[in-house]
Amino acid sequence: MTDIDGIRRMPTGINGFDQISLGGLPAGRSTLVSGTTGSGKTLFAMEFLARGVQNDDEPGVFVTFEEDPDDIRTNVTSLGFPIAQWEATGKWVFVDASADIALEASTIGAFDMGALTVRIAHAVRRIGARRVALDSLGAVFTNVGNTGVIRHELFRIVSALDLLGVTTVVTAERPEEYNSVSRFGVEEFVLDNVIILRNVLRAERRRRTVEIVKFRGTSHRTGEWLFTIGPSEGIVIMPLAFLRPRERASTERVSSGNPDLDAMCGGGFFRDSIVLLTGPTGTGKTLTSLFFAASAVRAGERCLLQTFDETREQLARNAASWGLDLDAMEASGLLRIVSEYPEVASPEDHFLRIRRVIEEFRPSRVAIDTLSALERIVSSRALLDFVIALGAVLRHHEVTTLLTSAPTGRVTPTVTPAIAMEVASLTDVTILLRYVEAEGEIRRGIAVLQTRGSVHDHSVRQVTIDNTGMHIGEPMRGQSDVLGTAYPQAPAAGKQAEWSARHPDTGAHE
């Protein structure tokens, strides 16, 4: 356990929650977890107990007021929680109050909270429980109109649990996402700590967030934090669940699949680099991704190619036109292609799927084409969280990653698409592809804007594409509109000193 502001924290084990709570829930106290239908209240309570048994060998008591214990055991099967086994070994106990509520009259006086408290205390002592979850007390109080009685009885049961020295999660319903904290308006005043789970419909899509409203007497991170629910991961708070320090940075270089691009980047990409390639449609982003994957296969490395813009069949056809046989590469076991449109899932679910493939397939390289396609279904903030979380996973495994992104227009003066401008600060290498109008024709240009920790070519070079792939040529001299005013052109002969004085940030190293 950690100690914050003199108050011990009990780790929940929930992916990312201990980071925003600065170590977990205040130990020996009761926490209200409030939310609307489908927000994840029961799962939060369930994971709090199960992760305690699984990670810290701490027994738990689950008090259910609505669901049958058999249903709960079945619902968490995909999470890998062997509850029946834990029950047999004295690590888990159900206190089933659902049948009692169904039989009792609809007043708090008829339902004996004192008897329930005795049952819970007995279960706690019998297995030496450290954690207790009550789901959900609202079922007890639904037909009680007197909030004073509700407050008294809630205080009674919570005080008894606190005296037992257990850390308790109490779930409660709330009628709306952004007004009252709880249904009866008293729960948040009785309990020491309050957490709100939200399940908001925005732009025709559900978005779940978690917010710590209060931890009495101690600190925590503020604001709403995006989370998703995975069938095998449970609650996952993004991106904090995946941020972790690294012991070292790789100095090994790998090829981009294009020798000319390797030369522009100082000899290739560092093994753990995240590379952002931006440019409008038709400039060569997918082509670069395919040759990047082919380079991995030639080197005997595994590569995951995730596409959001094309079907698997379209990708194979396009690759064949450049002499690449995706079927053969997949048959070798070194390439895995995942093709799906952004609209089939939320960005958080796309992230979990990609992470599962990375954990299972263990690729050395990943290419995602195109990242900006996800902008159709999500806000820039959520997509940035997606990239931060993905980058943390990829760097942890030292996976060389190529992300492509496109602006909204086919030929556009915009230097980079919206998401690329947000993501660029998170990447190690930034490469820009552009259309250039010169001498009555449209040409392609390429520039390496940054390579962290490495020399790189500062030229804007001409690009041609034929049936053998992409070819990078000589610098495009005299093309003042290649990258617009944001990227000045190289100095003319005899003007180097003046150029250096006016552009001090264009040195050889980033």
Side-chain angles (χ1 to χ4, degrees), residues 248-280 283-299 301 303 305 322 363-371 387 391 394-395 398-406 415-417 420-421 423-434 436 444-465 468-477 482-483 486-490 503 505-510:
R248 66 185 183 89
S250 177
T251 57
E252 180 186 354
R253 298 268 189 173
V254 299
S255 175
S256 67
N258 186 314
D260 297 328
L261 183 55
D262 290 345
M264 291 187 72
C265 295
F269 306 142
F270 285 122
R271 168 68 68 185
D272 56 356
S273 290
I274 296 178
V275 182
L276 177 65
L277 175 66
T278 70
T283 50
K285 300 185 300 300
T286 300
L287 168 61
T288 302
S289 299
L290 289 168
F291 274 80
F292 175 76
S295 175
V297 174
R298 284 195 301 271
E301 298 178 354
C303 180
L305 178 56
W322 292 306
S364 297
R365 305 192 197 187
V366 169
I368 299 180
D369 182 53
T370 64
L371 187 66
V387 176
L394 295 166
R395 290 188 194 279
E398 287 198 355
V399 177
T400 315
T401 307
L402 176 64
L403 307 175
T404 72
S405 186
V415 175
T416 51
M421 297 181 73
V423 171
S425 64
L426 305 174
T427 60
D428 304 292
V429 181
T430 305
I431 302 169
L432 183 63
L433 289 166
R434 287 298 303 272
V436 181
R444 297 179 180 93
I446 188 171
V448 177
L449 305 186
Q450 73 163 353
T451 55
R452 297 188 193 276
S454 174
V455 173
H456 67 89
D457 189 339
H458 289 267
S459 301
V460 179
R461 294 183 176 271
Q462 184 166 326
V463 170
T464 58
I465 296 176
T468 63
M470 175 186 288
H471 307 281
I472 300 175
E474 296 298 315
M476 302 180 76
R477 304 296 184 188
V482 172
L483 297 176
Y487 301 94
Q489 63 189 87
H503 304 284
D505 58 339
T506 56
H509 293 76
E510 289 293 321

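- Heavy atoms only, all atoms of each residue included: V448 and C265 are closest at CG2-SG, 4.0 Å.
- Note: L277 CG to L433 CG = 4.5 Å, rounded to the nearest 0.5 Å.
- In this structure the side chain of L290 reaches within 4.5 angstrom of the side chain of L305, judged on heavy atoms.
- What you find for T404 and S289 is that their closest heavy atoms are CG2-OG, 3.4 Å.
- Under the 4.5 Å side-chain criterion, counting only non-hydrogen atoms from C-beta, M264 is in contact with I446.
- Taken from CG in D369 to OG1 in T286, the straight-line distance is 3.5 Å, to the nearest 0.5 Å.
- Defined by atom type and a distance below 3.5 Å, a donor-acceptor pair is missing between the side-chain atoms of R298 and S255.
- Listed by chain and number, the residues in a side-chain contact (heavy atoms from CB on, under 4.5 Å) with S459 are D457, R461, P475 (sequence neighbours excluded).
- Under the side chain to side chain contact (heavy atoms under 4.5 Å, CB included) rule, L403 has a single partner from I368, V275, T370, which is I368.
- For R271, the side chain to side chain donor-acceptor pair (under 3.5 Å) criterion is met by E252, E301, not counting sequence neighbours.
- Within the 4.5 Å cutoff, no side-chain heavy atoms of S256 are placed close to those of T288.
- For the residue pair V399 and T401, the shortest heavy atom distance occurs at O-OG1, 3.2 Å.
- Here the closest heavy-atom approach between residue S295 and residue R365 is recorded as OG-NH1, 3.4 Å.
- Looking only at distances, no side-chain donor or acceptor of R444 sits under 3.5 Å from a matching main-chain atom of V463.
- Atom CG of residue L402 and atom OG of residue S273 lie 11.0 Å apart, to the nearest 0.5 angstrom.
- Among residues at least two apart or in separate chains, there is no salt bridge (charged side-chain N to carboxylate O under 4.0 Å, His left out) pair with a member in residues 255-266.
- Remark: the backbone N or O of T278 is not paired with any side-chain donor or acceptor of K285 at under 3.5 angstrom.
- For the pair I472/L261, a side-chain contact is recorded, criterion being any heavy-atom separation below 4.5 Å from C-beta on.
- The backbone N or O of F270 sits nowhere less than 3.5 Å from a side-chain atom of D428 that would complete a donor-acceptor pair.
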Stepwise, does the side chain to side chain contact (heavy atoms under 4.5 Å, CB included) test hold for Q450 with T427? CA-CA 9 Å; Q450 73 163 353; T427 60; 3.7 Å; yes

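- A donor-acceptor pair under 3.5 Å links the side-chain atoms of T451 to the main chain of S454, judged by distance alone.
- In terms of heavy-atom proximity, V366 sits nearest to F292 at O-CE2, 3.6 Å.
- Between G391 and I274, the shortest heavy-atom distance links the atoms CA-CD1, 3.6 Å.
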